[in-house]
Protein chains: 2
Amino acid sequence: MQNSNHENFWESMPPLLPSVSIDCTILGFHDNQLKILLLRFKNTNSFALPGGFIDLNEDLQESAQRILKERTGLDNIYLEQFYVFGDKNRRDDKLQKKLMAASGLLLEDDHFLLKRFISIGYFALVDFTKTIPTPDFLSDSCEWYDIDKVPELIFDHNEMVKKALNHLRLGLDEKLIGFNLLPETFTMNELQSVYETILGEKIVRSNFQRKILGLDILQRIEKKMTGAANKAPYLYRFIGK
Amino acid sequence: MQNSNHENFWESMPPLLPSVSIDCTILGFHDNQLKILLLRFKNTNSFALPGGFIDLNEDLQESAQRILKERTGLDNIYLEQFYVFGDKNRRDDKLQKKLMAASGLLLEDDHFLLKRFISIGYFALVDFTKTIPTPDFLSDSCEWYDIDKVPELIFDHNEMVKKALNHLRLGLDEKLIGFNLLPETFTMNELQSVYETILGEKIVRSNFQRKILGLDILQRIEKKMTGAANKAPYLYRFIGK
DNA sequence: ACAAAAGTGTTCTCCATACACCCATGG
DNA sequence: CCATGGGTGTATGGAGAACACTTTTGT
């Protein structure tokens, strides 16, 4: 954490698109819970969604993918724009300065980070088990939190989470995106659990199976050997159609 | 159109948020047709969606509303973000220069209009009869076009229109937004015609009435005096609920 | 009387839900 | 055997599409 690092920090960044940031609501599924990936700024108790800026030579979508890769280690993440947050007072200069100062970065009053930004909200669904959460330069923690225990976040990030979840619920059946929260192969029970958690309601097993299997989007693989004293469940793989 | 106007043009603009533009797909309904409002750049045959930039002291939504007001004369327009267009090569510097030159504006190579922009796509539904289409400084025409006769548009604007229409269709029943294309009061037939046009299919009258009236979102007003030799239709007003 | 508007009734199909029940199977 | 997984049958209710028919009403 030597000072030379700090001096170089901004200069080492590639040319960026001004005024625009990306913030990502990254969701995973574990222990029958929806989880969200949050950063904590160094030496503070301030939490935020993972985010970043757009390099001038990146398509918007590419930027979001890069940011996700940096925080999770994953390529080919399911990713979707859901809203642009553009209120003129959505950010808080004092807080911004404080957060940067906590990382040893002093911002001049005309620093670009203190200018107005709009933020494009992306939401991403990942296979929890495959992620390697990695803090960025400004944070000392990048961890999963239960979706119903999200702490207070900076700026308008709590609103972002709320909107992202709503977007997820609305698109769950329509876009068949629940699979992205599971590993390559999964049992029908696990899938049902994902649906129940996201929708917040119990589903009758037999009806759920009929519905999902009727969509012709799953390939049945083999039995899962559980070692339990009962029939082993089948494994399925999502094949789209 | 004296040169002094041109010299002052950019300087007269308020401070803008860099890199970000707004483009609006403005839809109206007339003669049983969906119509879209398009600009033609001065002294060219290039068409574009109405758009603009974000003043530093405007919320994003306010910017979109202002732009819409400037082109249609209307306040309180139904307005919705639907997508951010952010490919790095979505714009074309040569075309941009040509369009500006056609208005007598010469752009230096480092002019801000030649920098990279992302564009936030808004779509708007307006009461056709109330609009006063008004060209902007760079265009000599602002007119309604049949939605199925949209000419080639600049940049990625044709794609914007396509995405906006898709968005409209998906949200029609869900968000009950069709009413925004009609005057304050309207007949059931007119409303049905809006739905049929947007969805591109015939609907059985009696079923449509049952469905819409069952939603409890319409207030029945009075009879419309048509002067025709038949029963006059009722007028309805949208009351949301 | 006429023509269009408005309302009602009926039938069908489709789909989601709920629930009961059976079979399969790994230990 | 038994606990869980997996599958089927079936009744119900609601939504919506198709169609027929009646009633209303302004000129």
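All figures in this text were calculated on a predicted structure; none of them were measured in a lab. Quick note: numbers below take in every heavy atom, side chains included, and nothing from hydrogens, waters or symmetry partners. Below, chains carry the letters A, B, ... as their sequence lines are ordered, and counting in each starts from 1.
Relative to the ring axis of B/Phe85, B/Arg90 does not place its NZ or CZ within 45° and under 6.0 Å from the centre.
For the pair B/Glu80 and B/Lys175, the salt-bridge criterion is met [side-chain N within less than 4.0 Å of a carboxylate O]. The residues A/Asp55 and A/Arg66 are annotated as salt-bridged, a charged nitrogen and a carboxylate oxygen being separated by less than 4.0 angstrom.
For the pair B/Ile212 CD1 and C/dA5 C1', the interatomic distance rounds to 17 Å; values are reported in whole Å. Rounded to whole Å, the distance from NZ on A/Lys202 to C1' on C/dC19 is 17 Å. For the pair B/Gln209 CD and D/dT24 C1', the interatomic distance rounds to 13 Å; values are reported in whole Å. With rounding to whole Å, A/Leu199 atom CG is found 15 Å from C/dT17 atom C1'. Look at CD on A/Glu196: it is 16 Å from P on C/dA16, rounded to the nearest Å. To the nearest angstrom, C1' of C/dA5 lies 9 Å from OH of B/Tyr236. In this structure, CG of B/Leu235 is placed 12 Å from C1' of C/dA5, rounded to the nearest angstrom. One atom, CG of A/Leu218, and another, P of D/dG7, lie 11 Å apart when rounded to the nearest Å.
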**OP:** Can you check each nucleotide of nucleotides 11-17 of chain D against protein heavy atoms at under 4.0 Å and return B for base, S for sugar-phosphate only, - for none, in 5' to 3' order?
**Re:** ------B

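Applying the 6.0 Å contact sphere to CG of B/Asn76 captures no more than 12 heavy atoms from other residues, nucleotides or ligands.
In this model, no donor atom of one side chain and acceptor atom of the other lie less than 3.5 Å apart for A/Gln65 and A/Gln61.
Using bins of under 30°, 30° to 60° and over 60° for the plane-to-plane angle, the ring pair B/His30/B/Phe128 lands in the parallel bin. Using a 30° and 60° split on the angle between ring planes, A/Tyr145 and A/Phe47 fall in the perpendicular class, above 60°. Taking the six-membered ring where the residue is Trp, A/Phe53 and A/Phe117 present tilted rings, their angle falling between 30° and 60°. Note: A/His167 and A/Phe82 have tilted aromatic rings, judged against thresholds of 30 and 60 degrees for the angle between ring planes.
Every side-chain hydrogen bond (donor to acceptor under 3.5 Å, both in side chains) that B/Asp173 has, sequence neighbours left out, goes to B/Lys211.
Checked by atom type and distance alone, the side chain of A/Ser139 never pairs as donor or acceptor with a backbone atom of A/Pro135 at under 3.5 Å. The backbone N or O of B/Ile132 lies less than 3.5 Å from a partner atom in the side chain of B/Thr134, making a donor-acceptor pair.
Applying the ring-ring contact (aromatic ring centres under 6.0 Å, His included) definition to pairs two or more places apart or across chains, those involving residues 196-225 of chain A are A/Tyr195-A/Phe208.
For DNA chain D, none of the residues of residues 182-190 of chain B falls under the heavy-atom distance limit of 4.0 Å. Contacts with DNA chain C (heavy atom under 4.0 Å) in residues 165-181 of chain B: none are found.
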**OP:** Given side-chain hydrogen bond (donor to acceptor under 3.5 Å, both in side chains), test A/Thr129 with A/Asp127 step by step and report yes or no.
**Re:** CA-CA 5 Å; A/Thr129 63; A/Asp127 175 359; 2.7 Å; yes

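Side-chain to base pairing of B/Arg205 with C/dA6: one donor and one acceptor N or O lie within less than 3.5 Å of each other.
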Enumerate all atom pairs, one protein N or O and one N or O from nucleotides 25-27 of chain C, separated by less than 3.5 Å.
unit_1 : atom_1 : unit_2   : atom_2 : d
C/dT25 : O2     : A/Lys231 : N      : 3.4
C/dG26 : O4'    : A/Asn230 : O      : 3.1
C/dG26 : N2     : A/Ala229 : O      : 2.9

